[in-house]
Amino acid sequence: MGEQTAFLYYDPLQTAKDGAKQAVEQALAAAVAAEELPDAVSPAFIVEVPADATHGDLASNAALVSAKAFGMPPRKIAEALVAHFPCAGNFARVEIAGPGFLNIFLSEDWYAGAVQAACEAGEHYGRTKTGEGERVNVEFVSANPTGPMHLGNARGGALGDTLAEALSWAGYDVTREFYTNDAGNQINKFGKSLAARYLQQVKGEDAVPFPEDGYQGGDIKVRAAEFRAKNGAAPAALPGAELEQALVDYALPLNIAAMKADLEKYRIRYDVWFMESALHESGAVQRAVEELKQRGNAYEKEGAVWYKSPNPDEEKDEVLVRANGVPTYFAADIAYHADKFARGFTRLIDVWGADHHGHVARMKGALSAMGLPGEKLDIVLMQFVKLVREGEAVRMSKRTGEAVTLSDLLDEIPVDSARFFFNMREPGSQIELDLGLAVAEDSANPVYYVQYAHARICSILRTLEGEGVRLELADAYKQLALLQTPEERELIRLVAAFPTAVTSAAEGYDPARINQALMALASGFHRFYTACRIKGEAEGLQQARLALCMAAKTVIANGLAMLKVSAPEKM
RNA sequence: GUGCCCGUGGCGCAGCUGGAUAGCGCGAUAGACUCCGACUCUAUAGGUCGCAGGUUCGAAUCCUGUCGGGCAUACCA
C-alpha cells in the first residue's frame, strides 16, 4: 500500500506540538515586525496538552512567560500573538483564555489524519524513528544461577522486557541481554552448599556441617539428590574442591536451563546470554584492573587492589581484587560494561533492584575512570514488590514454605496479569501485587478492562460484518469529518497520543506510560461506545465510526503487544 | 550518622520540561440494557497534595528545613 508509508512513523500529537511551537514563534516574529511587540528576547515557552479539553487541544504559555521581558500584560501579548498566528493546516483557531494562555484548536484534517494514521500504519502504529542510529543494550533480570528466580526478578523481567520493546518501537536498535554470574564468590558458595548437602545425604544429616553463609534453599538439596542418584556415593571420596567443582558442573547448566524455561514461559527471550566466566577466562577482568592502575585510579593496600574514584565526592574506596587474589563482583562488572561498549553499543541500560543504588554512581564513575563514556550507562532502579492476598502480605510460597519464586507466581496468576501489573507503576515506586485482583475477571482488574475493550471492538466489527456492513477504509476516510461528538473527539485524541506515549515510555524508562495510555484509551472507547451507535446509523457516519473503532483497536492491540499481553477477540 | 527513593480523598495510584476549578481506578450511594458484548456507562459524596518557610505572575511540581516510611552504606552480589 502506497498510503502506508506516508503514515508509517507518523506521530500526530508530536507533529501538532512541534507545529504549534513553530507557529507561535512565527506569530511572535510577525508581531515584532509589525511593531506590536517589542524586539526583546522572550524566554522559552512550552506547548502542552491542557488537562481540560475545553481549553483546546494544545495550549501555550508564551504570552505569560514573556510578560516581564516585554514589559506588557500577558493578555495584551496574547492578543498580538493570536492576530499573527497562522491558522492553517493542522490549526483551526486560537483563543485567549485565563490570564493569557493561548488555546489552540486543531483542525478536522488533523483529527482525520490521526484516525487514518492508526488504520493505515496498523500493527506499526506507534512506531517512530526517535532513536534512530542508537544501539542500546538492555540488561535485565540477570538473576544468580544459584537458585530459582524470585519476585524481584519477576518485576525486573516485565519491566526490562517491556522497556526494551518500547525502545525498539521508538526506533532504537535494541539488544536484550542476561548477565549470568557463573563465576566468583557466589559460585564458590554454591559449590560448598551443594557439597554439604550431598555429603549429608551420603553420610547422614549430622555427619557434615552446613556452611554458615551457604544457600539454605530446598533447591540445593534437590540438585544434590539428583547428583547422588546419578553418580552414587563414590564422589564423596573426592577432595573437597573437586567434589564442589563436579557438583557445580552438574547443577549450574541445569539451573541456567531452568531459568531460560521460566523466562520463556514469561515470554522473555534474550538476544545474548553473557557468561561472567568468559570475562575471567579471557583476562578481561585483569586487564580492566590493570587499566585502572595505569590511569592512577587503583592502588594496592594490604594485599588487595583498591579502586580510588577520581571524583573527590566519592570518599570510600572499593576493593577490586581481594587479598586472596580473587577479583570482586565490582571488578568483573567494570570489565563487563567495558565489553558492552567494545561491542559497539552507544547506550547501556541496566535494570537493577533498588538495593543496588549505592553501586550506581561508582559504576558510572569507574567506567569514566577507564576512559569510557560512563554517562552513557543508565541504571533503572526498581523498587520492591509486596505480594498481597486478601489484604495480608504474602512472603512465603504455600507449596515450599520458602520465598515466592517466579514460577510460583505464574502458577497462581496468568502471565498476562503478571506482565501488566508489574508495568502499572513507574519503576521507582513500590508496588503491591494483589493476587486476588490479578485473577479477578471484572473492571477491578485493569488487564481485563483493557482486554475487554479490545474484544468488544472485535465483536462490533464481527456483528456488523455479519449484517453485511464492512469497513471500507478508502470510503471511510472521506467521512471522518462527521466525527464531532465530544466522545468521538476525545477518543481520537487518545488514539493520536499513543505514539508519544510510546516514545515517552522509552525515553523516560517508564513502560507504565504505555499501560496508562491503554487504560485511558479503553475508558475513552467505552464512553464512545455508550454515547455513539454504529448499527443503524447512516452509511457515512457508520463508516467513519467503524474506522474510529479500527483505530482504537489498533492502539490497544499494539500496546498490549508491547507488553506481551494477549489481545483477545472474544472473552 | 551519611546517601538515594517515597509521602496526593477510606484503599491503590496518575499528574510528563511549574500553569488555568488537583485527576483516575477500587470501595460507598443512586441510576442506565425491548437497542452493536452491562466484563460497560452516568451521577453523587470524599483531598488545607506529610508539615513549615522560600523562589515565581503562578508551586502537588523547584529550593531550604522538618516529620514519617523504605532501601543502602561488606575484601556480598
Side-chain angles (χ1 to χ4, degrees), chain A residues 44 46 48-52 54-55 59 61 64-65 67-68 73-74 97-101 103 142 144 146 181 184-186 189 213 276 301-306 313 315-316 318-324 326-330 332-333 353-361 381 383-384 386 388 391 424-432 434 437 440-446 448-449 451-453 455-464 466-467 469 500-501 504-505 507-508 510 512-513 516 519-520 522-523 525-537 542 545-546 549 570-571:
Chain A
I46 60 164
E48 61 177 356
V49 178
D52 184 341
T54 62
H55 292 146
N61 63 351
L64 290 165
V65 294
K68 195 175 265 179
F101 287 101
N103 289 344
S142 296
N144 266 332
T146 52
N181 302 119
N185 229 23
Q186 81 283 359
K189 235 163 50 173
D213 59 346
E276 181 185 346
K301 190 180 86 181
E302 294 164 5
V305 181
W306 294 74
D313 290 344
E315 289 172 10
K316 266 188 255 173
E318 196 82 4
V319 172
L320 290 165
V321 183
R322 300 181 183 86
N324 64 11
V326 179
T328 59
Y329 170 88
F330 183 44
D333 223 11
D355 54 337
H356 287 60
H357 78 79
H359 193 51
V360 174
L381 288 178
Q383 285 290 341
F384 295 108
K386 191 175 155 194
V388 174
M424 289 229 303
R425 315 251 176 277
E426 59 184 351
S429 66
Q430 282 178 256
I431 52 177
E432 202 168 281
D434 186 322
L437 188 59
E441 304 196 354
D442 57 49
S443 63
N445 183 345
Y448 262 81
Y449 184 77
Q451 288 180 323
Y452 176 65
R456 206 177 194 189
I457 298 171
C458 292
S459 168
I460 298 163
L461 295 170
R462 239 183 352 251
T463 305
L464 290 187
E467 296 178 6
V469 179
T500 300
S504 148
E507 302 200 301
D510 183 9
R513 292 180 198 175
Q516 282 154 18
M519 290 188 276
S523 169
F525 174 76
H526 289 310
R527 276 197 298 273
F528 156 77
Y529 181 86
T530 306
C532 304
R533 291 195 59 79
I534 298 167
K535 208 168 151 179
E537 292 292 342
Q542 198 170 51
R545 285 183 176 165
L546 279 175
C549 286
K570 287 181 184 173
M571 47 197 292

Using the [atom1] atoms only, state how far [M] lies from [N], rounded to an integer number of Å.
N	M	atom1	answer
B/C63	B/A22	P	23 Å
B/A59	B/G18	C1'	6 Å
B/A60	B/U73	C1'	31 Å
B/C36	B/U17	P	44 Å

Contact class for [X] (heavy atom, under 4.0 Å): base, sugar-phosphate, or nothing?
X	value
A/Arg527	sugar-phosphate
A/His55	base
A/Ala455	base
A/Ile46	base
A/Glu467	nothing
A/Ala59	base
A/Val360	nothing
A/Ser504	nothing
A/Asn185	sugar-phosphate
A/Met571	base
A/Lys570	base
A/Phe330	nothing
A/Cys549	nothing
A/Asp52	base

Next on the checklist: Can you tell me whether the side chain of A/Asp355 and the base of B/A77 have a donor-acceptor pair closer than 3.5 Å?
Outcome noted: no
Checklist entry - Can you find an N or O donor on one side and an acceptor on the other, under 3.5 Å apart, linking the side chain of A/His356 with the base of B/A77? => result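 Under the 3.5 Å cut-off, the side chain and the base do form a donor-acceptor pair.
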Taking [atom1] from [X] and [atom2] from [N], how many angstroms apart are they, rounded to a whole number?
X	N	atom1	atom2	result
A/Phe101	B/U21	CZ	P	9 Å
A/Lys316	B/C4	NZ	P	13 Å
A/Glu432	B/C11	CD	P	12 Å
A/Met519	B/C26	CE	P	12 Å
A/Gln430	B/C71	CD	C1'	8 Å
A/Phe525	B/C24	CZ	P	20 Å
A/Gln516	B/G23	CD	P	17 Å
A/Phe528	B/U42	CZ	C1'	18 Å

Looking at every non-hydrogen atom in both residues, tell me the closest pair between [X] and [Y] and how far apart they are.
X	Y	value
A/His55	A/Pro50	O-CG, 3.6 Å
A/Phe525	A/Cys549	CE1-SG, 4.0 Å
A/Val326	A/Asn324	N-OD1, 2.9 Å

Next on the checklist: Once side chain to side chain donor-acceptor pair (under 3.5 Å) is applied, do any residues pair with A/Glu507, and if so which ones, sequence neighbours excluded?
Outcome noted: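 Partners of A/Glu507 under the side chain to side chain donor-acceptor pair (under 3.5 Å) test: A/Tyr172.
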Checklist entry - Do the ring planes of A/His359 and A/Tyr329 sit parallel (below 30°), tilted (30 to 60°) or perpendicular (above 60°)? => result tilted
Item to check | Nearest-nucleotide 5' precedence on RNA chain B, A/Tyr529 against A/Phe384 | outcome: A/Tyr529
Item to check | First encountered from the 5' end of RNA chain B, between A/Ala522 and A/Ala97 | outcome: A/Ala97
Check whether any side-chain N or O of [X] sits under 4.0 Å from OP1 or OP2 of [N], and answer yes or no.
X	N	value
A/Ser429	B/A14	yes
A/Lys68	B/C57	yes
A/Thr530	B/C41	no
A/Ser523	B/C24	no

Item to check | Under the 3.5 Å Watson-Crick or G-U criterion, the dot-bracket string of RNA chain B, with | for inter-strand pairs | outcome: (((((((..((((.........)))).(((((.......))))).....(((((.......))))))))))))....
